[in-house]
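The analysis underlying the following values was restricted to heavy atoms, covering all of them including side chains, and did not include hydrogens, waters or symmetry mates. Keep in mind it's a predicted model, so treat the numbers as computed, not measured.
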Amino acid sequence: MSTDTALANNNIQHKLEWSLLLLRLGVFIVMFVWTLDKFVNPGHSIKIFEHFYNIDGLNEVIAYVLGALQLVLVLAFLFGIKKRITYGLILLMHAGSTFSAYAQYYDVFNNLLFFAAWPMLAACAALYLLRDADTKFTLGK
C-alpha cells in the first residue's frame, strides 16, 4: 500500500470515528431527555405508554423504575459499553416509538415533529451497523 493510500485511509477512518461519535451524542441527547421525562413528569410518561403502546395501569413508581433502567442503558450507550446490546436496545426502543406513532403520520402537517423520528431511526441503525468502527471516546471494544 502506498503512503498516499495509507494516509487517505487513515483520514477516512478519522472522519468516520468523529461522525459516529456525533451521531451517538445526538441520539444520546434525545434518549436522555426522554429518560429525564420519566423522573420530572412521570404522568406524561404514563400517558405516552397508554396512548402509543396501549399499556394501561402504570403508576409513578413504575415510571421511575423504567426511567432508572433507561438511564443505565443510555449512559452505557453513550460510553460505548457492550455495543451489540446497548446499541441494539436503543435501536429497538426508538424503532418501537417510531412505529407506535403510525397514526400521527397520516395527518402529516399537524404532526410534523413526529417525522424527526425517521432520521433518528436511521442514525440508530447506522450506529448499530457500524458499532465496531465507533471507537472515539468509548469504554467498550
Side-chain angles (χ1 to χ4, degrees), residues 1-56 58-141:
M1 181 183 309
S2 73
T3 304
D4 289 342
T5 303
L7 288 174
N9 287 341
N10 190 30
N11 189 32
I12 290 170
Q13 181 64 31
H14 181 73
K15 289 178 180 179
L16 177 62
E17 289 174 2
W18 279 103
S19 297
L20 293 172
L21 171 65
L22 292 172
L23 282 177
R24 184 166 24 103
L25 289 172
V27 170
F28 167 77
I29 289 168
V30 173
M31 298 303 283
F32 184 68
V33 171
W34 286 355
T35 300
L36 289 180
D37 185 56
K38 289 174 178 66
F39 295 107
V40 174
N41 190 359
H44 179 247
S45 295
I46 292 167
K47 287 178 185 175
I48 287 173
F49 275 96
E50 290 171 352
H51 181 74
F52 290 104
Y53 304 111
N54 295 317
I55 298 174
D56 296 325
L58 297 183
N59 58 39
E60 288 186 3
V61 172
I62 293 173
Y64 293 139
V65 169
L66 291 174
L69 292 171
Q70 189 172 351
L71 181 60
V72 170
L73 174 62
V74 297
L75 289 173
F77 169 80
L78 174 65
F79 294 111
I81 298 168
K82 300 284 185 188
K83 293 179 202 171
R84 178 179 292 279
I85 295 168
T86 58
Y87 288 31
L89 287 173
I90 292 291
L91 172 59
L92 288 174
M93 283 175 50
H94 187 63
S97 70
T98 300
F99 296 132
S100 71
Y102 69 91
Q104 309 308 311
Y105 303 122
Y106 298 138
D107 190 7
V108 175
F109 299 108
N110 286 316
N111 295 300
L112 283 174
L113 286 178
F114 280 88
F115 283 85
W118 292 97
M120 184 165 148
L121 183 59
C124 291
L127 282 164
Y128 182 77
L129 293 171
L130 296 170
R131 65 190 176 275
D132 293 334
D134 185 14
T135 57
K136 185 69 74 186
F137 303 119
T138 62
L139 300 176
K141 295 181 195 175

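Taking the six-membered ring for Trp and the full ring otherwise, F99 and W118 have centroids separated by under 6.0 Å.
Note that OG1 of T98 is 11.5 Å distant from CZ of F115, once rounded to the nearest 0.5 Å. Annotation: the span from F39 atom CZ to L66 atom CG amounts to 9.5 Å, rounded to 0.5 Å. For the atom pair H94 NE2 and L121 CG, the distance stands at 5.0 Å (nearest 0.5 Å). For the atom pair F32 CZ and L36 CG, the distance stands at 4.0 Å (nearest 0.5 Å). Remark: D132 CG to R84 CZ distance equals 7.5 Å, nearest 0.5 Å. With values rounded to the nearest 0.5 angstrom, L89 atom CG is found 11.5 Å from C124 atom SG.
Between S97 and W34, the shortest heavy-atom distance links the atoms OG-CH2, 3.7 Å. Scanning all heavy atoms of the two residues, the minimum distance from Y53 to G96 falls at CE2-O, 3.9 Å. Considering every non-hydrogen atom in both Y64 and P42, the closest pair reads OH-CG, 3.7 Å. The heavy-atom pair separating A117 from Y105 by the smallest distance is CB-OH, 4.1 Å. Annotation for L91 and A125: closest pair CD1-N, 3.7 Å, computed over non-hydrogen atoms.
Ion pairing between a basic and an acidic side chain is recognised when a charged N comes within 4.0 Å of a carboxylate O; K83 and D134 show no such pairing.
For the pair F49/I62, no side-chain contact is recorded, criterion being any heavy-atom separation below 4.5 Å from C-beta on. Proximity of L78 to F137: side-chain heavy atoms (C-beta onward) are nowhere separated by under 4.5 Å. Between K136 and L20 there is no side-chain heavy-atom pair separated by less than 4.5 Å. Within the 4.5 Å cutoff, the side chain of L127 has heavy atoms near those of the F77 side chain. Proximity of V74 to F28: side-chain heavy atoms (C-beta onward) are separated by under 4.5 Å at one or more points. Residues T86 and F79 form no side-chain contact, since every pair of their non-hydrogen atoms from C-beta on lies 4.5 Å or further apart.
Annotation for L112: atom CG counts as buried by contact number, over 12 foreign heavy atoms lying within 6.0 Å.
With sequence neighbours excluded, no residue forms a side-chain hydrogen bond (donor to acceptor under 3.5 Å, both in side chains) with H51.
Side chain of K38 to main chain of Q70: no donor-acceptor pair is present (N/O by atom type, distance under 3.5 Å, no hydrogens or angles).
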